[in-house]
Number of protein chains: 2
Amino acid sequence: MPRSGGHISAAPPTLADVAELAGVSRQTVSNAVNNPDLLRADTLARVQDAIDKLGYQPNRAARSLRTRASHLIGLRMPALQEGTANAMMDRFVHTFVEAAAETGYHVLLFYGDPADPLDGYDELLRSTAVDAFVVTDTHLGGQQTTWLQSRRARFVSFGRPWTQPDAKHPWVDVDLAYGAEIATEHLIERGHSKIAWIGWHKDSLLGEERRSGWTHAMHTHGLSTTGLASRTEDSISSGKAAADAILDETEPTALVCASDTLAMGVLHSLFERRLRLGEDIAVVGFDDSQVAQTVPPGITSVRPPLEEAARELVKALEELLATPSYAAPGVMLKPVLTVRGSS
Amino acid sequence: MPRSGGHISAAPPTLADVAELAGVSRQTVSNAVNNPDLLRADTLARVQDAIDKLGYQPNRAARSLRTRASHLIGLRMPALQEGTANAMMDRFVHTFVEAAAETGYHVLLFYGDPADPLDGYDELLRSTAVDAFVVTDTHLGGQQTTWLQSRRARFVSFGRPWTQPDAKHPWVDVDLAYGAEIATEHLIERGHSKIAWIGWHKDSLLGEERRSGWTHAMHTHGLSTTGLASRTEDSISSGKAAADAILDETEPTALVCASDTLAMGVLHSLFERRLRLGEDIAVVGFDDSQVAQTVPPGITSVRPPLEEAARELVKALEELLATPSYAAPGVMLKPVLTVRGSS
DNA sequence: ATGAAAGCGCTAACAC
DNA sequence: GTGTTAGCGCTTTCAT
């Protein structure tokens with residue numbers, strides 16, 4: 001499709017303009033665009049010519065009004081976390097927008113008050129601005145999904161329905177217990193046996209999930225976990241504090257961290273102790289953040305397959321929008337371990 | 001506005017539904033929403049009641065069709081750069097979406113083939129999907145802005161019109177020559193005099209800009225710059241190579257880097273040489289990325305005021321959409337230096 | 001201050 | 001296969 005239609009006027013051409021130029025009715029042009037098989041080959045060619053010549057593009061508002069579909073997917077912007085290494089959501093948004101584009105959907109990014117997980121959805125729903133939503137922070141509780149369901153809104157989620165085992169919406173998630181397991185096994189293969197875990201508080205579903213992978217790998221290989229686990233906040237300073245405590249008490253030779261942020265906390269502890277990352281001690285993180293990728297000598301990290309997750313979600317979205325009653329089983333994806341100098 | 005309208009039916013209420021419930025005509029309801037001052041207080045109250053009861057929200061498609069305004073701002077997703085510390089654009093997107101929300105605008109994120117800087121714009125323009133665009137990567141050349149201008153599209157840019165001094169569109173940028181200057185002066189204050197510059201190739205406008213700040217600060221303080229500057233790619237490995245060369249040859253006590261990515265390259269060099277960042281040598285970066293924030297002992301970095309930039313752009317956008325002929329002078333913002341352990 | 005009529009650009013349903 | 005008719009939900013005249 002040529003970019004320069006040779007047409008600069010303020011008002012874009014309409015169906016009627018094309019129809020007139022091609023010498024057919026408006027409906028025929030509409031069909032040429034939406035059901036080309038209905039036209040005779042020569043008519044189609046003539047209409048297509050006129051479309052190209054005018055640079056015609058259907059008006060989205062008019063089409064939406066008529067078809068009751070906006071071809072827009074709503075995505076509430078995840079809160080920005082400064083001072084952490086957490087940027088997984090940004091990478092997810094990137095890949096989701098890209099995947100959605102391939103199926104003719106655009107993404108409507110909206111903002112919601114961080115204090116209210118429901119803020120923003122209602123307005124878009126009521127004004128029929130979007131066809132569906134992608135919900136991302138399901139581990140924060142099922143408020144969003146429960147509410148969307150009660151409003152009969154269409155949506156898919158990146159993240160399993162942790163607290164509602166009977167939820168019916170399509171979802172995609174990453175098996176991060178498995179992630180912790182391969183991370184731990186990687187360290188065992190490298191000859192470590194005193195492998196510590198630095199994770200989140202007990203009330204974090206995500207945290208317990210990841211922790212179980214570590215426990216499982218340790219026990220499978222007949223290794224003890226006593227004195228090797230700690231639970232803390234997801235921040236640099238608490239990661240450092242946890243590392244300080246565990247290094248003093250149990251002297252592990254390797255640490256697995258529930259996030260790259262915690263891993264960076266550990267690095268702060270090592271820096272202070274003048275220990276060499278990857279030589280004196282091994283560290284593995286989660287998320288494969290830019291931080292893990294760039295800090296010397298590179299932090300080995302569990303990498304969630306975000307590209308695949310985005311594609312799966314778009315696929316589910318397509319089916320959901322085509323079949324109102326669509327109910328799919330959740331999809332669980334496996335992460336891979338990106339090995340770098342830290343281990 | 002109550003979130004639960006007590007109304008669950010599939011079809012959202014329309015103006016007509018509200019009118020019937022309130023016992024007025026449709027236009028009156030429309031006026032109640034768009035020109036409340038036109039109504040008598042009691043009528044307004046009655047209509048408002050009906051609106052609340054039904055949870056009415058104007059249909060966006062219908063409104064757009066009629067007013068020829070979508071209240072959507074198009075933003076093409078910047079390419080994702082893995083293996084670097086560059087995430088400034090993500091932070092910009094965050095703050096822009098937030099700022100836009102305050103004025104009733106939502107952001108339509110779209111994808112464009114990275115190989116074609118123009119890809120994606122045309123379709124949205126022709127289908128009248130967005131009211132305006134925000135263009136972000138102006139330093140890559142003026143292709144996007146030139147083309148948008150020729151199409152009479154409305155847009156603002158984050159980034160000055162480097163190659164077109166006569167461009168008329170509103171823009172906001174950050175004075176990073178000044179950023180390099182305060183970074184260098186900070187190091188001079190700390191007692192350094194052999195301060196190296198690790199920057200980009202000569203054809204990078206952004207790079208030359210930043211470099212000039214370093215040169216200026218050095219000369220102002222009577223310090224020599226010979227043998228202290230290098231030009232390279234924006235990547236970890238070339239940052240390391242540049243640092244290796246300059247550390248061997250000139251033995252500077254401090255380095256200013258054109259990006260946090262290059263600063264991380266320097267860190268790789270230091271790691272190999274077993275030098276202590278912030279003790280044996282000082283390093284300052286650009287962008288105040290998550291990497292600079294989290295790596296021990298923290299990298300001093302020039303922080304662009306993205307929040308302010310986003311707000312300025314939204315303001316310009318509002319005026320631009322209100323006044324078609326609106327022409328504003330560009331806005332140049334000053335960055336601040338976030339001082340951390342690396343200096 | 002409120003109401004009636006018209007029409008934005010498109011597609012679904014039906015006629016020919 | 002192609003054309004005609006109607007109407008999606010809203011706002012902009014214009015009349016009252």
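To find a chain, count down the sequence lines: A is the first, B the second, and so on, and within it residues start at 1. A quick note: this is a predicted structure, and the numbers were derived from the prediction, not measured.
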If only atom types and distance count, is the side chain of A/S64 paired as donor or acceptor with the main-chain N or O of A/A69 below 3.5 Å? yes

Main-chain N/O of B/S70 paired with B/R60 side-chain donor or acceptor, under 3.5 Å: yes

For residues 32-46 of chain B, which residue pairs qualify under salt bridge (charged side-chain N to carboxylate O under 4.0 Å, His left out), counting only residues two or more places apart or in two chains? B/R40-B/D42

Given axes from five pairs at either end, by how many degrees does the helix from C/dA1-D/dT16 to C/dC16-D/dG1 bend, rounded to 10°? 30°

Name every residue in residues 25-39 of chain A that has at least one heavy atom under 4.0 Å from any atom of DNA chain C, in order of residue number, or write none if there are no such residues. A/R26, A/Q27, A/S30, A/N34

Under 4.0 Å from a heavy atom of chain A: give me the 5'-most and 3'-most nucleotides of DNA chain D that qualify. D/dG1 to D/dG9

Exercise: identify the closest heavy-atom pair between B/L72 and B/Y105: N-CD2, 4.0 Å

Does atom CD of B/E20 have more than 12 heavy-atom neighbours, drawn from other residues, nucleotides or ligands, at distances under 6.0 Å? no

I'd like to know if the side chain of B/D131 and the backbone of B/H71 have a donor-acceptor N/O pair within less than 3.5 Å. yes

To the nearest 0.5 angstrom, please state how far the CE atom of A/M332 sits from the CH2 atom of A/W171. 4.0 Å

Determine yes or no for a side-chain-to-main-chain donor-acceptor pair under 3.5 angstrom, with A/R126 supplying the side chain and B/G55 the backbone. yes

Rounded at 0.5 Å granularity, tell me how far CG in A/D137 sits from CZ in A/F158. 10.0 Å

Outermost nucleotides of DNA chain C that come under 4.0 Å of a non-hydrogen atom of chain B: C/dA1 to C/dG9

Members of residues 60-70 of chain B that approach DNA chain C, where some heavy atom sits under 4.0 Å away: B/L65, B/R66, B/R68

Quick one: does B/T323's side chain have a donor or acceptor within less than 3.5 Å of a partner on B/L320's backbone? no

Short question: side chain of A/D17, backbone of A/T14 - any donor-acceptor pair under 3.5 Å? yes

Quick one: does A/D119's side chain have a donor or acceptor within less than 3.5 Å of a partner on A/D113's backbone? yes

Polar side-chain atom of B/S157 near backbone of B/G159 as donor-acceptor pair, under 3.5 Å: yes

Is a side-chain donor or acceptor of A/N59 paired with a backbone partner of A/A62 at a separation under 3.5 angstrom? yes

Does A/H106 reach the main-chain N or O of A/A100 with its side chain, forming a donor-acceptor pair under 3.5 Å? no

